[in-house]
Amino acid sequence: MTDKKVRVRFAPSPTGGLHLGGVRTVLFNYLFAKKHKGDFVLRIEDTDQTRYVEGAEEYILDCLKWCGLEPDESPVAGGQYAPYRQSERKALYREYAERLVMQGHAYYAFDTAEELDKNRKEIPNFQYGQAYRDSLRNSLSLPQHEVDALLDAGTPHVIRIKMPADETISFHDMIRGHVSFETNQVDDKVLLKADGMPTYHLAVVVDDYLMKISHAFRGEEWLPSAPVHLLLWDYLGWKADMPQWAHLPLILKPDGHGKLSKRDGARLGFPVYAMSWFDAKTGELTPGFRELGFLPEAFLNLLATLGWNDGTDQEIFTLDELIEKFSIERVNKAGAKFDFEKAKWFNAEWIKRSDATTLLPHVKTILAEKNINITDDQRLITLIDLIKDRCVLLPDFYQQLGYFFEEPKSYDLASVKPKWNDQKGDFFKEYIEKLANIEAIQPELEEPAFKAFAEEKGMKIGDVMMPFRIMLVGSKFGPHVFDIAASLGKQETINRITKGLVAFSA
RNA sequence: GGCCCGUUCGUCUAGGGGUUAGGACGUUAGAUUUUCAUUCUAGAAACAGGGGUUCGAUUCCCCUACGGGCUACCA
């Protein structure tokens, strides 16, 4: 059992965008699989057709692709244990549910949703289980002939697990250690719904068994239903093959309390989905980390360190490093509040550490969105190196780079005009002539020349440097003025000084 | 309400019976950058409370408080 091949799965239901916590679950599964030379499978849990959303499955696949966490087996990649969509495995589950009924570990229940709702409302602490199952309409409480008659008549019914009395179910969680439950406290969960589809509880056990899953990592919200799953593994006779469990801590709202949700993103102004998700029904577009300008490497990095660390002070990890260093036992037990400021820091750090060639395609995309189409890659690479330390999110590249390709749309006049005078105007007019006579602008030659010229004219360097910058850039930011001028070239520099002169004197 | 899980700076976290309780984000101050950002230096900032166990508990145990999750024919 210990030499069993490592096989893990991510099993989302296709109901909408993929949330931070979901991607982190994928990440931890993926890291564990790759570290142990195992398989990572994607299984689509689409057993609830009322919640099924068109396009959600493709979206999930795209997210995994963007993150670089591609599954070895999936509905589209296929695999030895296909199909990987539970809706396509529907027939399978009934057989196991019936088997459980036969063995006395499950039973048919005929109660309607309305009857149960009524009970839940009227009886405090009502649970379909130990205490009440005898007073409800099921194959445990009804005489056999009546059950047969109901079944023959095609009466809608579900199959429920029969929780045993007075047992303690315990297991070892790879993150939490020993966890235990009293069966008297757990209710008789529905295993097979009236429409013939399994619930999560049945499907997850059957599929994990059939797909030979060795380790099951999922969010902490699943912990309370773990005893149902444990029992099912046992009743179905598969106990020896049961995966090892790990329940991951939740990602919480940065303010207040509770699980992080889609709404929090809108409320607090940051994304919670990996990629933007468009809801065709409501017409609502929920922004994603990708669209906001996160590098996938940074996104993964920040997710990995939310609840995990390697025990050293290292915070920046490549995917390969994560695979090498990851250990599920080092995942924290407590939930973590999401901090968007730190998320941005990770991205800035990744931009700084990435070389310009890697950044190039991203930057070209950003600029293209602003109708700046670059043909000279070499020039762009030089520029990226010049300014990448100033960028936090990818769109910042437009802010920091746009003026190399477009004239300033406006000038920060408030920073120049109050101190602007004819003397400065004359200085620049003469400077244009000086520039006209040189071959090309070389920062290391032209900057000292500029300074010398300013001194010669009896001006303070700072007094002319700032207006010069604003002529070229439009505002008070950016790299060294002469690096900008050099990239712009002599003619364009002269052109911008000329236009600046007009604007400043107006 | 019941059950389960959790609790170290504002946040993410390291640590673990004897430590000046470490790092990071953010924040404050300063230096560098004749801009902005980067970078550098320094600072403020935490073991939820109460009982045990112990020579000694932030660390182990119990209780309380607080937080979170679950309590659907949703996952």
Side-chain angles (χ1 to χ4, degrees), chain A residues 11-15 45-48 50-51 86 109 111-113 116-117 120 124-129 156-160 173 175-177 179-182 184-187 189-201 203-204 218-227 247 249-250 252-259 302 305-316 330 332-346 348-349 352 387-392 396 399-400 412 415 451 460-466 468-470 473 475-481:
Chain A
S13 44
T15 53
E45 309 227 334
D46 54 349
T47 54
D48 183 358
T50 63
R51 295 210 312 159
Q86 290 184 331
D111 320 83
T112 65
L116 295 178
D117 279 348
R120 288 195 182 93
N125 294 337
F126 173 82
Q127 273 199 156
Y128 205 123
H157 62 278
V158 301
I159 293 179
R160 285 180 182 272
D173 185 288
I175 293 171
R176 278 150 224 284
V179 181
S180 73
F181 301 85
E182 297 302 322
N184 293 347
Q185 306 285 353
V186 183
D187 59 341
K189 291 274 181 244
V190 170
L191 264 20
L192 199 76
K193 304 187 252 187
D195 64 1
M197 278 287 197
T199 58
Y200 172 82
H201 307 296
V204 75
R218 60 196 347 178
E220 192 188 346
E221 70 268 28
W222 291 108
L223 205 43
S225 52
H247 291 87
L250 265 16
L252 276 14
K253 299 177 197 294
D255 64 336
H257 302 286
K259 254 200 294 192
L302 73 93
T305 53
L306 201 54
W308 173 85
N309 70 81
D310 73 341
T312 73
D313 286 344
Q314 183 172 352
E315 298 214 71
I316 303 297
R330 282 200 68 88
N332 294 126
K333 298 179 178 71
K337 288 184 190 168
F338 179 66
D339 180 1
F340 190 52
E341 289 306 315
K342 186 133 190 187
K344 286 193 290 192
W345 174 78
F346 273 107
E349 213 50 41
K352 269 185 290 192
I387 55 91
K388 66 178 172 144
D389 285 3
R390 294 153 206 269
C391 297
V392 174
D396 294 346
Q399 223 276 305
Q400 296 293 340
D412 179 2
S415 299
K451 288 180 178 172
K460 275 195 262 169
I461 290 152
D463 287 348
V464 285
M465 199 63 96
M466 182 56 75
F468 191 16
R469 167 179 296 281
I470 292 176
V473 178
S475 172
K476 291 198 291 187
F477 69 91
H480 293 294
V481 173

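Values in this document were obtained by computation on a predicted structure and should not be read as measured data. Atom set for the values below is all heavy atoms of this structure, side chains included, hydrogens, waters and symmetry mates excluded. Chain naming here is simple, since letters A, B, ... match the order of the sequence lines and numbering starts at 1 in each.
Side chain of Lys189(A), nearest nucleotide from rC70(B), rU71(B), rU35(B): rU71(B). The side chain of Leu250(A) approaches rG68(B) more closely than any other nucleotide in the set rC70(B), rG68(B), rU35(B). Picking from rC4(B), rG2(B), rU11(B) the nucleotide with the shortest atom distance to the side chain of Gln185(A) gives rG2(B).
As a whole-Å value, the separation of Gln127(A) CD from rG2(B) P is 13 Å. Between Lys253(A) atom NZ and rU11(B) atom P there is a gap of 17 Å when expressed in whole angstrom units. For the pair Asn125(A) CG and rC4(B) P, the computed distance is 14 Å after rounding to whole Å. The distance between atom NZ of Lys337(A) and atom P of rG67(B), rounded to the nearest whole Å, is 11 Å. Here the P atom of nucleotide rU35(B) and the CG atom of Asp463(A) are 13 Å apart, to the nearest Å. Between the CG atom of Leu252(A) and the P atom of rU7(B) there is a distance of 13 Å, rounded to whole Å. In this structure, Asp313(A) atom CG and rC25(B) atom C1' are separated by 14 Å, rounded to whole Å.
Pair check for rA24(B) finds rU11(B); Watson-Crick or G-U wobble, both atom distances under 3.5 Å. Using N1 to N3 plus N6-O4 or O6-N4 for Watson-Crick, or N1-O2 and O6-N3 for G-U wobble, each under 3.5 Å, rU54(B) pairs with nothing. The pairing partner recorded for rA48(B) is rU64(B), the criterion being a Watson-Crick or G-U wobble arrangement whose two distances lie under 3.5 angstrom. Across all strands shown, rC36(B) remains unpaired; no Watson-Crick or G-U wobble contact has both distances below 3.5 Å. A 3.5 Å limit on both hydrogen-bonding distances identifies rA29(B) as the Watson-Crick or G-U partner of rU41(B). Summarising the base pairing, rC3(B) is matched to rG69(B) through a Watson-Crick or G-U wobble pair whose two defining distances lie under 3.5 Å.
Between Pro479(A) and Trp308(A), the one whose closest nucleotide on RNA chain B sits nearer the 5' end is Trp308(A). Nearer to the 5' terminus of RNA chain B, by closest-nucleotide assignment, is the contact made by Ala334(A) (compared with the other of Thr305(A) and Ala334(A)).
Rounded to whole Å, the separation between the C1' atoms of rC70(B) and rG26(B) comes to 34 Å. Between rA57(B) and rC61(B), the two C1' atoms lie 12 Å apart (nearest whole Å). To the nearest whole angstrom, the two P atoms, one in rG2(B) and one in rU19(B), are 41 Å apart. Taking the C1' atom of each, rA48(B) and rU35(B) are spaced 48 Å apart, rounded to whole Å. Distance check on atom P: rG67(B) versus rU8(B) gives 14 Å, rounded to whole Å. rG22(B) and rA45(B) have their C1' atoms separated by 14 Å, with the value rounded to a whole Å. Spacing of C1' atoms, rU13(B) relative to rC47(B), comes out at 13 Å, to the nearest Å. rC60(B) and rG18(B) have their P atoms separated by 11 Å, given to the nearest Å.
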Output one line per pair: protein atom, nucleotide atom from nucleotides 26-29 of chain B, and distance, for all N/O pairs under 3.5 Å.
none

Kindly give the atom pairs (protein nitrogen or oxygen, nucleotide nitrogen or oxygen) under 3.5 Å for nucleotides 37-41 of chain B.
| residue | atom | partner | partner atom | Å |
| --- | --- | --- | --- | --- |
| rA37(B) | O2' | Asp389(A) | O | 3.3 |
| rU38(B) | O3' | Lys352(A) | NZ | 3.1 |
| rU38(B) | O2' | Asp389(A) | OD2 | 3.3 |
| rU39(B) | OP1 | Lys352(A) | NZ | 2.8 |

Under 3.5 Å, N/O pairs linking protein and nucleotides 73-75 of chain B:
| residue | atom | partner | partner atom | Å |
| --- | --- | --- | --- | --- |
| rC73(B) | OP2 | Arg160(A) | NH2 | 3.1 |
| rC73(B) | O2 | Ala194(A) | N | 2.8 |
| rC73(B) | N4 | Asp111(A) | O | 3.0 |
| rC74(B) | OP2 | Lys193(A) | NZ | 3.1 |
| rC74(B) | O2' | Asp48(A) | OD2 | 3.2 |
| rC74(B) | O2' | Arg51(A) | NE | 3.2 |
| rC74(B) | O2' | Arg51(A) | NH2 | 3.3 |
| rC74(B) | O2 | Arg51(A) | NH1 | 3.4 |
| rA75(B) | OP1 | Thr47(A) | OG1 | 2.8 |
| rA75(B) | OP1 | Lys193(A) | NZ | 2.9 |
| rA75(B) | OP2 | Tyr200(A) | N | 3.3 |
| rA75(B) | O3' | Glu45(A) | OE1 | 3.3 |
| rA75(B) | O2' | Ser13(A) | OG | 2.9 |

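A side-chain donor-acceptor contact under 3.5 Å links Lys193(A) to the backbone of Thr47(A). Checked by atom type and distance alone, the side chain of Arg390(A) pairs as donor or acceptor with a backbone atom of Gly478(A) at under 3.5 Å. In this structure a side-chain-to-backbone donor-acceptor pair under 3.5 Å is present from Asp339(A) to Glu341(A). Side-chain atoms of Ser13(A) do not come within 3.5 Å of backbone N or O of Thr15(A) as any donor-acceptor pair.
Contact annotation for Ser475(A): no contact, since no heavy-atom pair falls under 4.0 Å across all strands. Residue contacts shown for Gly258(A) are limited to sugar-phosphate atoms, with no base heavy atom under 4.0 Å away. Nucleic acid contact class of Arg330(A) (heavy atoms, under 4.0 Å, all strands): sugar-phosphate only.
Tyr200(A) meets the ring-ring contact (aromatic ring centres under 6.0 Å, His included) test with Trp222(A), His229(A); sequence neighbours excluded. With sequence neighbours left out, the side chain to side chain contact (heavy atoms under 4.5 Å, CB included) criterion links Pro249(A) to Arg24(A), Arg176(A), Val331(A). Here Thr50(A) pairs with Asp48(A) under the side chain to side chain contact (heavy atoms under 4.5 Å, CB included) rule; sequence neighbours left out.
Distances shown here put every side-chain N or O of Asn332(A) at or beyond 4.0 Å from the OP1 or OP2 atom of rG6(B). The side chain of Asn309(A) contributes an N or O atom lying less than 4.0 Å from OP1 or OP2 of rA14(B). When the side-chain nitrogen and oxygen atoms of Arg176(A) are compared with OP1 and OP2 of rG69(B), none of them lie within a distance under 4.0 Å.
Lys253(A) approaches Lys259(A) most closely through the heavy-atom pair NZ-O, 3.3 Å. Taking all atoms of both residues into account, the shortest heavy-atom contact from Leu250(A) to Glu221(A) is CD1-OE1, 3.2 Å. Across every non-hydrogen atom of Arg330(A) and Gly311(A), the tightest pair is NH2-CA, 3.1 Å. Minimum heavy-atom separation, Asp173(A) to Leu223(A): OD2-CD1, 4.4 Å. Contact detail for Glu45(A) and Pro14(A): the closest heavy-atom pair is O-CD, 3.7 Å. The shortest heavy-atom contact between Leu302(A) and Ala343(A) is CD2-CB, 3.8 Å.
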* Would Glu349(A) and Lys344(A) satisfy salt bridge (charged side-chain N to carboxylate O under 4.0 Å, His left out), going step by step from the backbone distance to the final call? -> CA-CA 8 Å; Glu349(A) 213 50 41; Lys344(A) 286 193 290 192; over 6 Å; no
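In this structure, Arg160(A) forms a cation-pi arrangement with Tyr128(A), its terminal cationic atom sitting closer than 6.0 Å to the ring centre and no more than 45° off the ring axis.
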